[in-house]
Number of protein chains: 6
Amino acid sequence: MAEHRRSGHAKRAIYPGSFDPITNGHIDIINRGIAFFPKIIVAVLRNPRKATLFTVEERLDILREIFRKQPAVAVHAFDGLLADFAKSQGARVVIRGLRAVSDFEAEFQMALMNHELNPSLEILFMMPRARYTFLSSSIVKEVASRGGSVRALVPASVAARLREKFRRLGRS
Amino acid sequence: MAEHRRSGHAKRAIYPGSFDPITNGHIDIINRGIAFFPKIIVAVLRNPRKATLFTVEERLDILREIFRKQPAVAVHAFDGLLADFAKSQGARVVIRGLRAVSDFEAEFQMALMNHELNPSLEILFMMPRARYTFLSSSIVKEVASRGGSVRALVPASVAARLREKFRRLGRS
Amino acid sequence: MAEHRRSGHAKRAIYPGSFDPITNGHIDIINRGIAFFPKIIVAVLRNPRKATLFTVEERLDILREIFRKQPAVAVHAFDGLLADFAKSQGARVVIRGLRAVSDFEAEFQMALMNHELNPSLEILFMMPRARYTFLSSSIVKEVASRGGSVRALVPASVAARLREKFRRLGRS
Amino acid sequence: MAEHRRSGHAKRAIYPGSFDPITNGHIDIINRGIAFFPKIIVAVLRNPRKATLFTVEERLDILREIFRKQPAVAVHAFDGLLADFAKSQGARVVIRGLRAVSDFEAEFQMALMNHELNPSLEILFMMPRARYTFLSSSIVKEVASRGGSVRALVPASVAARLREKFRRLGRS
Amino acid sequence: MAEHRRSGHAKRAIYPGSFDPITNGHIDIINRGIAFFPKIIVAVLRNPRKATLFTVEERLDILREIFRKQPAVAVHAFDGLLADFAKSQGARVVIRGLRAVSDFEAEFQMALMNHELNPSLEILFMMPRARYTFLSSSIVKEVASRGGSVRALVPASVAARLREKFRRLGRS
Amino acid sequence: MAEHRRSGHAKRAIYPGSFDPITNGHIDIINRGIAFFPKIIVAVLRNPRKATLFTVEERLDILREIFRKQPAVAVHAFDGLLADFAKSQGARVVIRGLRAVSDFEAEFQMALMNHELNPSLEILFMMPRARYTFLSSSIVKEVASRGGSVRALVPASVAARLREKFRRLGRS
């Protein structure tokens, strides 16, 4: 029984984030995660109070295009509480990447809070490969906005969208 | 095939440490971990260059007594590299607890090094419940050595062994 | 004389902050602080350049309601420098809570700066109980804005005001 | 040859930042830096997406006034990538100050990213004197906006401009 | 009644440490502390398991000599738990200095543990003046052991004892 | 004159450390450093109070062998204060690598202390390449002591010496 419950729930993991935009570091976490979980739900947080470069719909598009050949990866948007979204998806695990001390503290706070809200939701943290320790969506946007090449940092489709986005915002 | 390999390997996780002695915080990590992994191998690191309060054999005894009714938890000692021990056990996952910024850095360094030595070994980190954030084997030994009660911090059998150990070392 | 000056000044402590809104963690610090200081002045910082959820007047209302039966706790708003406000209140002590490494650094910087501005103003730091280490006004607003329950995190009156605030802002 | 290349490039260092406004801590770093580099280019980052108190032109004015008698210090604005600006100036060294753990992480990330973009660009970090560890442009603006004296923290010309700026913004 | 209990207990604060040896930074904390507490008990921790440069008796001698003209400062050694020692002295407050992130974490852990052991014992933290942020007993010993002058870092009597100590250990 | 003094002194930099043993990360720092300084003095700290795996003489041998074809790199041992050693070598610059938050704090403390002892000694910090962020002498010894391969982490000559050292200490 416990075994059944366990294997049933443990099959799905949520990987939540803003993904504004997704980077090669995120993709590495997802690809490593599917070694443990047959299903990973990449969950884009809707947050009307936070300014983003790409709309939620653009981000869903980008993600679905990247993972279209990986049935183990599903892509959804969510609002409300992560704890509630996980429950609605029948998932009891959340995957998060940890990159720096400041990540660590924010994640620790979020983990403790989520445990308050849903004690059966477990958060597992993964650390990036050495070559991705410097990589974040913010730094990708910063480089792209200044005309730098981000081809080594994000998938080609994301690099193209960043170029177009910043061209429209007034840079070539 | 990939699925088979995956599920086969993902069944076993290693939880390595000194466990000198095990605390309620460690036990909480193990109990939460068996929700994801049908088998957790608690692996006591043999380190002849590091002074410990309990011998490796005493620590194995303590651990086996605590988990004797949980067939999902196995207890072993190991020397050599964690990467090699994991391979010998058919395990591709290592579980670690993260409690503080200093933990985080040491763990990050170790994770990157282990990835160098065995790229297929994955390390998953869990954060303690709020009530265990202050708890470590060192602080338990410190309190016990000064005659304080550690009953809320470790299993009763460990508390008894600590009392006896420090009585022999010259306190009552 | 020195004794007189000391006891005179030491009687009042300032506890400054945004309190947008106050949490159970803040209240715990205040209640522990009044064991040392017969008078604690909860001082709400007016900062026209920082967007807040509650107006200064709403925050003063909330605080006065919470502490209306505790004559040892006074509630004021202030603008200008903390050092000047402390002087105007005849207080030589400031109480601050410390929760995380990032708090620590910001507080350290502020403490050094305040010492530059008013060398006789002393800042005393308290650490939260384990169960409040995850708690901040920001995380309370985040949870409430997503429809989660914050009843364990803030007084009932604050939970009610948060519900109403976010209902008006477009969530129910 | 290598010697020639080396000495040629090593002669110029970039000291980039927002300098909104420059503080005595920045000036100390520059003065210490010119002991090693015959030319230091103080480079003001143009960032249309970041709100600043002083315009780029005001900041260039302030800097040029402060260093007008030091031919070893040049003042420029730049947009685009730091790596590209350094190349355009024939500089292979960037100087940065490090003050706190949070600085350290952001700088580390930036250093790794810049190395990705321009492997021959080297970043050298300096730590502030003890008396400047608390000092930042933000805290200077905070104190000045609240009517505090910043004469010990910035050059007199900057203090005067801050007073005027905040007087116009509605404080005296 | 509550007032009586409060003022009664709040009169005495414990300042515990190794003081191996005391530095000007410690002395500054004590002198600032006696502005709040009419009695500060400097408490030297006996720890037979930790190697120190000065014996407990030497450290008590040094401390008593330094504070011989300050009746508000008492000097004691203690073993056992800090919580028990505080109780035996009728003190409900512990003062600690905080200097760096690593201090912060160790202190946080200790504060949470002490609260477990004695919920009525309160720990107040103070931050050092800017000029003492680099100062620790370890760095004083390091400098003195290498023949450097520590006259700006410790009282003259401590500097003399350090010189003599290291002369005996084989340096002049 | 100032120019003369400057260029004269700036020619030599000290790179101090234990180098027990040197790693590829240290070598990378040295090779990047000689782009700025025509002479780098690798300075092995003699510390009779600290246990090391290799003797000072073994470490000097290893270093001299590695840099025997690089006349820009000199190798020396020193005891006493770094500030005094730098003066005796006519060097006004010290180079240090920074890898982690804990490094940062210890280095910051050391930098402030060295400035107290010798205000004209400047310390420049460099950050490692991403692939060396996990690398330290300690982790190299840990891996080698457990029979792991360190060929990617240290020069071949160091790997051979580590194997021999640990074989003698009882592992093959």
Side-chain angles (χ1 to χ4, degrees), chain C residues 2-13 28-40 70-72 91-117 119-133, chain E residues 2-13 28-40 70-72 91-117 119-133:
Chain C
E3 183 63 21
H4 173 75
R5 180 183 54 90
R6 206 150 60 214
S7 45
H9 283 104
K11 278 194 175 128
R12 298 166 151 266
D28 180 55
I29 295 281
I30 294 167
N31 285 333
R32 287 155 60 197
I34 49 180
F36 305 105
F37 299 101
K39 190 77 171 190
I40 290 191
Q70 291 182 268
R92 271 184 40 228
V93 189
V94 170
I95 297 173
R96 298 285 294 164
L98 269 184
R99 224 173 20 198
V101 170
S102 43
D103 273 12
F104 168 72
E105 295 203 335
E107 293 290 336
F108 193 24
Q109 194 187 40
M110 201 189 76
L112 291 172
M113 173 55 83
N114 273 301
H115 179 70
E116 279 282 310
L117 298 169
S120 72
L121 185 67
E122 199 60 66
I123 306 185
L124 297 180
F125 296 90
M126 297 173 78
M127 294 199 191
R129 311 238 178 271
R131 67 181 176 278
Y132 297 131
T133 49
Chain E
E3 183 63 21
H4 173 75
R5 179 183 55 89
R6 206 150 61 216
S7 46
H9 283 104
K11 279 196 174 127
R12 298 165 151 267
D28 180 55
I29 294 281
I30 294 166
N31 286 334
R32 287 155 58 198
I34 50 181
F36 305 104
F37 299 101
K39 191 78 172 188
I40 290 192
Q70 292 181 267
R92 270 184 41 227
V93 190
V94 169
I95 296 173
R96 299 284 295 164
L98 268 184
R99 223 174 18 199
V101 170
S102 42
D103 272 12
F104 169 72
E105 295 202 336
E107 292 291 336
F108 194 24
Q109 194 187 40
M110 201 188 77
L112 291 172
M113 173 54 85
N114 272 302
H115 179 70
E116 279 282 308
L117 297 170
S120 71
L121 185 67
E122 199 60 65
I123 306 186
L124 297 179
F125 297 90
M126 297 172 78
M127 294 201 191
R129 310 239 178 270
R131 66 179 178 279
Y132 297 131
T133 49

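Predicted, not measured: the structure shown is a model, and the values here were computed from it. Lettering follows sequence order; numbering is per chain, from 1.
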Side chain to side chain contact (heavy atoms under 4.5 Å, CB included) test vs E/F125 passes for just one of C/R96, C/E107, C/M127, namely C/M127
Region of E/S120 in contact with chain C, defined by heavy-atom distances below 4.5 Å
neither
Counting heavy-atom pairs under 4.5 Å to chain E, which of C/E122, C/R99, C/H115 comes out on top?
C/E122
Criterion side-chain contact (heavy atoms from CB on, under 4.5 Å) on C/M126 and E/I123, from CA distance to verdict
CA-CA 7 Å; C/M126 297 173 78; E/I123 306 186; over 6 Å; no
